[in-house]
Amino acid sequence: MASGFSFQTKVTSVFAALLAIVLLIAFAVVYKVITDSTFRQIESQLSYSRNAVDHQLAERMDSLRESTQILARDFGFRKAVATGDIPTIKSVSDNFSTRTEASRIMVADLNGQLLADTQLTDADRGQALQEHLRNADKNGIADGMLVLDGTVYQFAIAPIQAPDPVGYLVVAKALDIGFIRKLQSSLPGNIDISFLARNASHSTSLITSTLTDIQRAALIPIVTDTTAQPSESFQATLDGIDYVLGVQDINARHPEMPVQAVLQYSLTVALAPYKPLYLTLLAILAGGLVFGILGAHGVSRSVIRPLLTLVQATLRIKAGHYDAPVTMRQRDEIGQLADAFNLMMQGIAEREEHIQRQAEYDALTGLPNRRYVDSRLPTIATACLDDERGFSALLVCIERYSEINSTLGHEVGDKLIHAIGRKLLGAVKSTDTVARIGSDTFAAIVLHTGPEEIPGLAERMLALFEAPFKVDGITIDVSAHIGAACYPEHTEEPCTLLRRADRAAYTASDTLARFALYDPRSDTSKKIRLSLMGELRDALANDGFMLHYQPQIDIRSQRLMRVEALIRWEHPDLGFLPPDQFVPLAERTGDIHRLTHWVLDQGIRQLAAWSRRGLDIGMSINLSAKDLLDRHLPQKLAALLETHGVAAQRLMLEITESALMQQPEHALGILQSFRDMGVDISVDDFGTGYSSLTYLSRFPVSELKIDKSFVMHMDKNPQDLSIVHSVIDLGHRLSLQVVSEGVEHDALLEQLKSLDCDLAQGYGIARPMAAADFEVWIGRNYPDLLNNKRPILVADNTP
């Protein structure tokens, strides 16, 4: 399917898309570089900050230890603990807490029970300190991290001795928001700090943080699930804000309560200074894209406009106009393309002219051909009708041209055709047209002529062939016949004029005339023949044919020797049709073999039926020239004779003299097969063909049949009588039986008897009859031949 976008739009779109991709890649690279650089800077600051947090927590722990030792050595404090003076303990603890900024001071007895707590006094608090108190008793001091009431404390524990141990002092400082804020202010950049703790069940809880509540809730699962090493930074999103996180494990002596410091550096805040840069870069990219699109549009337009010019030129070429070259001012590649296009257009024009000439002119003679004539006839007809005059087409058909070609060679034949074309061209006016429309056919289109001028014109053209042609020193006699048709007398459609003239040429050839003018009745006859071709097959399939039988008698004894089987067709519309009207059609359509087989089958079947009646006579059946090409015919005939129980000697096959000479060598083999079966062969229509006596002596024939055209008028024509006498004498000298057909009366029969002819047939003896009529004729003329007087109207299949 064709696209709905123009080439210019496509070029601009592709260029703009490529430019946009390049600009976006550039923007992405810049953004990536800035982001990576910022990330590395944040990592560096987070690394420094983790060390700073470690350092400050360590200093704080050292301060706690020192403060704890100082208070534990205070005399008044030790005395109050030793005597159990709880008010004094609380008072001293509160004062010391205020002075040292300790978040919480607790005093426990040697059993770990709290005696005083600056926050609360609760025996349960001692349970959380038991392990640390034992460590202090063992090591003299203990410190670390402690979670009390949901608050993480840094603590230090020292024993109270007066002079023996009387209790324990716990000084703790909370990792609260105040401490984190103070710690945050000491770190570079905008860093948030969160402290997380894990209990014995490994669940993580947030102790305190500078983050918002929503961000705090999101932080715990991120830190819990992270696979990053403690020294690695990683990126995470908290409440829609990108952060770079660094996790720092706070070293403690008791890992059962691990505490992590999580430093969060806002990547969004870190990248904020670059926002103007991004906006500026985006503006530059958008402007570059706009200018790029405008530039691409301009470039594509500079390419498209010349191409559109070339497209218009192409459309002119398509319409057959080659006289308008493409003109362009550009001298670049487009200009070179235009020059090449002009050369191509010129070449196409020359080749089309050459092709047109080849298509409309004969290469051998240089004359127009049939295509040229057909294309010109409507124009000629219009011009002639404007002058109220018609025109004529004469088809000059050269006879025996194929024989000249095969005998003298195609080179001589070509030169002869060329010479004939030159002569015909000189026989017409310069305004007329002579064309070669076939290998051996010329057409002359003669203007302003009608049927009355055709005979003289045809005679003038035929006179060109009276003198022989000389080609390469060879004298060649050439004959021709002409068919002519006139417009508008013979057709109202100019394109059918040549077909009418061709029909007239066929008429001239069939009637052996030198010239024929188109007769509309010939088309009717042709249509009838075409119709008969199809109806003939139907007649074969539906038993539409019948056989008639004509007697052949021995001239001397007047005895009935055999009958000739003659096929008849009673057409439902056209009535009786003689064989010469449909047998040639069967030969053309290829149905002759089926027709011959039907005749052989019906004739042999009838012979068998007559034999059962006691009538033992022979039968002659005609074969077509096409039948001699059927190499299976002898086997088919032998099968029919065997099927019906008829002796081969009772059958005579008649073959015309011309049929024997079409392919004599092939015919000789077929005829020999018939003779080997015992079937006799008769040469029909002898004297009308062109058989050689040499071939005749070689053929296995047993009979000559003189054509009736010589017999019918021999009593009045001495030449016919001489021919008949000569044929009879020739046949007898060749040991052949001679049959004369066309015996119309008794005088001819007596003459044939005097010439010693053997057999005779004709209307003077009997006409061809159906089987039933033939039996009536036998009963009247040869009553003793039929033993069974019951008539046999139709031959049956009884063996």
Side-chain angles (χ1 to χ4, degrees), residues 550-566 617-623 625 628 649-665 667-668 670-672 674-675 678-766 768:
Q550 187 173 27
Q552 293 180 355
I553 65 171
D554 185 293
I555 296 177
R556 300 181 190 85
S557 64
Q558 297 293 306
R559 185 165 59 93
L560 176 64
M561 301 301 296
R562 61 173 177 257
V563 293
E564 180 179 4
L566 300 169
I617 59 175
M619 181 180 290
S620 63
I621 297 176
N622 293 279
L623 294 184
L628 297 181
Q649 291 76 13
R650 295 179 61 189
L651 193 63
M652 175 76 73
L653 296 179
E654 294 189 11
I655 302 168
T656 62
E657 183 182 7
S658 58
L660 288 174
M661 297 309 299
Q662 285 188 11
Q663 295 190 31
E665 297 299 332
L668 179 60
I670 296 293
L671 296 182
Q672 189 60 54
F674 290 142
R675 286 296 295 158
V679 176
D680 289 328
I681 305 299
S682 176
V683 180
D684 194 11
D685 298 338
F686 188 78
T688 61
Y690 44 89
S691 63
S692 166
L693 292 179
T694 301
Y695 273 109
L696 187 61
S697 64
R698 290 176 55 195
F699 286 132
V701 300
S702 57
E703 181 180 273
L704 295 181
K705 194 171 186 180
I706 306 174
D707 187 72
K708 64 182 179 182
S709 61
F710 301 115
V711 176
M712 293 176 63
H713 304 292
M714 70 177 187
D715 57 335
K716 300 176 183 177
N717 190 332
Q719 290 182 345
D720 288 347
L721 179 61
S722 297
I723 292 174
V724 172
H725 190 186
S726 299
V727 173
I728 294 173
D729 186 58
L730 174 63
H732 288 164
R733 290 180 181 275
L734 295 176
S735 300
L736 302 176
Q737 185 173 253
V738 180
V739 179
S740 292
E741 59 181 356
V743 178
E744 302 292 335
H745 48 80
D746 292 340
L748 292 177
L749 196 60
E750 289 300 323
Q751 276 189 300
L752 291 172
K753 184 177 181 180
S754 65
L755 296 176
D756 201 20
C757 186
D758 299 305
L759 301 178
Q761 74 179 89
Y763 284 2
I765 298 170

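Everything numeric in this text was worked out from a predicted model, so none of it was measured. Just so it is clear, the values below take in all heavy atoms, side chains as well, and ignore hydrogens, waters and symmetry mates.
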May I ask you to test the D715-H745 pair for a side-chain heavy-atom distance under 4.5 Å? yes
Hey, are the side chains of V739 and E654 touching, using non-hydrogen atoms and a 4.5 Å cut-off? no
Between Q719 and F710, is any pair of side-chain heavy atoms under 4.5 Å apart? no
Chi angles and distances behind the side chain to side chain contact (heavy atoms under 4.5 Å, CB included) call for R559, M561: CA-CA 6 Å; R559 185 165 59 93; M561 301 301 296; 3.4 Å; yes
Within this structure, what is the CG-CD distance for the pair L759 and Q737, rounded to the nearest 0.5 Å? 4.0 Å
Is there a donor-acceptor pair under 3.5 Å between the side chain of S682 and the backbone N or O of L704? no
R556: which residues meet the salt bridge (Lys or Arg N to Asp or Glu O under 4.0 Å) condition with it, sequence neighbours left out? D756, D758
Is any side-chain heavy atom of N622 closer than 4.5 Å to a side-chain heavy atom of E564? yes
Beyond-backbone contact of D680 with E703, side-chain heavy atoms, under 4.5 angstrom: no
State which residues pass salt bridge (Lys or Arg N to Asp or Glu O under 4.0 Å) with D554; sequence neighbours excluded, sorted by chain then number. none
Point-to-point distance, once rounded to the nearest 0.5 Å, from OG of S702 to CZ of R675: 5.5 Å
On a heavy-atom basis, which atom in G742 and which in L748 lie closest, and how many Å separate them? O-CD1, 4.0 Å
Between L752 and S740, what is the shortest heavy-atom contact and its length? CD2-OG, 3.4 Å
If I compare all heavy atoms of L651 with all of V679, which pair ends up nearest, and what's the gap? O-CG1, 3.6 Å
Show the numbers, then the answer: is there a side chain to side chain contact (heavy atoms under 4.5 Å, CB included) between L734 and V701? CA-CA 10 Å; L734 295 176; V701 300; over 6 Å; no
Rounding to 0.5 Å, atoms CD1 (I728) and CD1 (I723) come to a distance of 12.0 Å
Where do P700 and L668 come nearest, in terms of heavy atoms and distance? CD-CD1, 3.7 Å
Side chains of L653 and F674 in contact at under 4.5 Å (non-hydrogen atoms): yes
Let me confirm one number: the CG-CD distance from D707 to E741, rounded to the nearest 0.5 Å. 5.5 Å
Main-chain N/O of I617 paired with R650 side-chain donor or acceptor, under 3.5 Å: yes
Would you indicate whether the side-chain heavy atoms of I655 and L671 approach each other to under 4.5 Å? yes
At their closest point, which heavy atom of R562 faces which heavy atom of G618, and how far apart are they? CB-O, 2.8 Å
Reported OG1-to-CG distance for the pair T656 and L623, which is rounded to 0.5 angstrom: 9.5 Å
Are the side chains of K705 and Q761 in touch, meaning some heavy atoms are under 4.5 Å apart? yes
Nearest 0.5 Å, please: how far is CD1 in I706 from NZ in K708? 14.5 Å
All heavy atoms of G731 vs all of V738, minimum pair found to be CA-CG2, 4.0 Å
